[in-house]
Amino acid sequence: MPDRRRRVLVLTAVDAERAAVTAGLSAAGEAAGGTEVHTVGVGLAAAAARTTYVLMSRLAVEQARPDLVVCAGIGGGFAPLAPVGSLAVAETIVAADLGVQTAEGFTPVAELGFGRSEHRPPARLSRAVAAALGAAHGPVLTVSTVTGTAARAAELAGRHPGAVAEAMEGFGVAEAVALFDIPVLEIRAVSNAVGPRDRAAWRIGEALAALTSAFGKLPGVLEVEAAHDDT
């Protein structure tokens, strides 16, 4: 029987997220054998630059080209779709504040004619992963400034109906990955609600535990899904 495992590259912003992912992969055992995890830094620019570097280093090694890249970590969740401690899988990966802001509102960079504002992971794969992980499935927003007010949260939710989470790296990872024509997913564990900044309400440990649980299950899901040609 052919090996159904994908060669997977998982990219996190910080080492604590990398450790959580690695713990989950260790629990998954042999099914995680084709997976590597790297830290790429915080923010869209750092993530794009480091992702490109990691991919170039992989492509320089024979038979090391990834079949899938996963941007993973913790982030804010849009209530009630993605409460604290839950998981979110991106249906679309959106550059939510890349564009122009005027008195009339926000215009995405794509509508200005200067590139893309979103990337779409393989639809069937992202749905299957979300279902297997019990995760919310919808747009995950990449922002350069974390939301800290109710007004900003409402504006983002209004511009992106069904948004489930926000974080700071997904679009940068996806932009880099697109250069190499490799599918991308984004998985977030929710540490706080998107809205007024309340550090006392953050549950980072709970979110990291959810991330570990997700990556304990993910290799098995990908092994099953690799039997289908959806990418």
If you round to the nearest 0.5 Å, how far is [atom2] of [Y] from [atom1] of [X]?
X      : Y      : atom1 : atom2 : result
Leu59  : Ile182 : CG    : CD1   : 6.0 Å
Leu81  : Ser86  : CG    : OG    : 9.5 Å
Thr149 : Glu155 : OG1   : CD    : 9.0 Å
Glu36  : Arg58  : CD    : CZ    : 4.5 Å
Ser117 : His160 : OG    : NE2   : 8.5 Å

Q) Under the side chain to side chain contact (heavy atoms under 4.5 Å, CB included) criterion, do Asn192 and Ile74 qualify, and how do the steps go? A) CA-CA 9 Å; Asn192 58 280; Ile74 64 175; over 6 Å; no
For [X] and [Y], work out which heavy atoms get closest and say how close.
X      : Y      : answer
Arg188 : Val140 : CG-CG1, 4.3 Å
Arg6   : Leu222 : NH1-O, 3.3 Å
Ala135 : Val89  : CB-CG2, 3.8 Å
Leu55  : Pro66  : CD2-CG, 3.9 Å
Val164 : Ala88  : CG2-CB, 3.7 Å
Pro219 : Ala28  : CG-CB, 3.8 Å

For the side chain of [X] and the backbone of [Y], is there at least one donor-acceptor N/O pair under 3.5 Å apart?
X      : Y      : answer
Thr212 : Ala20  : yes
Asp67  : Arg7   : yes
Thr147 : Gly195 : no
Thr51  : Ala48  : no
Arg159 : Ala96  : yes
Glu169 : Gly43  : yes

Q. Knowing that exactly one of Thr39, Leu208, Thr22 qualifies, which makes a side chain to side chain contact (heavy atoms under 4.5 Å, CB included) with Glu17?
A. Leu208
Is there a chain of hydrophobic side chains (I, L, V, M, F, W, Y, each step under 4.5 Å between heavy atoms) that links [X] to [Y]?
X      : Y      : value
Val70  : Phe171 : no
Leu25  : Val69  : no
Met56  : Leu9   : yes
Val146 : Ile93  : no
Val40  : Val10  : no

For a 4.5 angstrom cut-off between non-hydrogen side-chain atoms, does [X] reach [Y]?
X      : Y      : result
Thr107 : Thr102 : no
Pro139 : Leu141 : yes
Ile187 : Leu218 : yes
Leu68  : Leu185 : yes
Asp97  : Leu156 : no
Val94  : Thr142 : no

Q.
What verdict does the side chain to side chain donor-acceptor pair (under 3.5 Å) test give for Thr92 and His119, after you've listed the backbone C-alpha separation in whole Å, the side-chain angles of each residue and the deciding distance to 0.1 Å?
A. CA-CA 6 Å; Thr92 54; His119 289 273; over 6 Å; no
(Q) Under the criterion side chain to side chain contact (heavy atoms under 4.5 Å, CB included), I'd like the reasoning laid out for Phe215 against Leu211: C-alpha separation, chi angles, the key distance, then a yes or no. (A) CA-CA 6 Å; Phe215 278 85; Leu211 198 61; 4.0 Å; yes
Q: List the steps, then state whether side chain to side chain contact (heavy atoms under 4.5 Å, CB included) holds for Ser191 with Glu206.
A: CA-CA 7 Å; Ser191 59; Glu206 187 176 339; over 6 Å; no
Q | Carboxylate-amine/guanidinium proximity below 4.0 Å for Arg120 and Glu91 | A | no
Q.
Under 6.0 Å from the ring centre and within 45 degrees of the ring axis: does the NZ or CZ of Arg65 meet both conditions for the six-membered ring of Phe180?
A. no
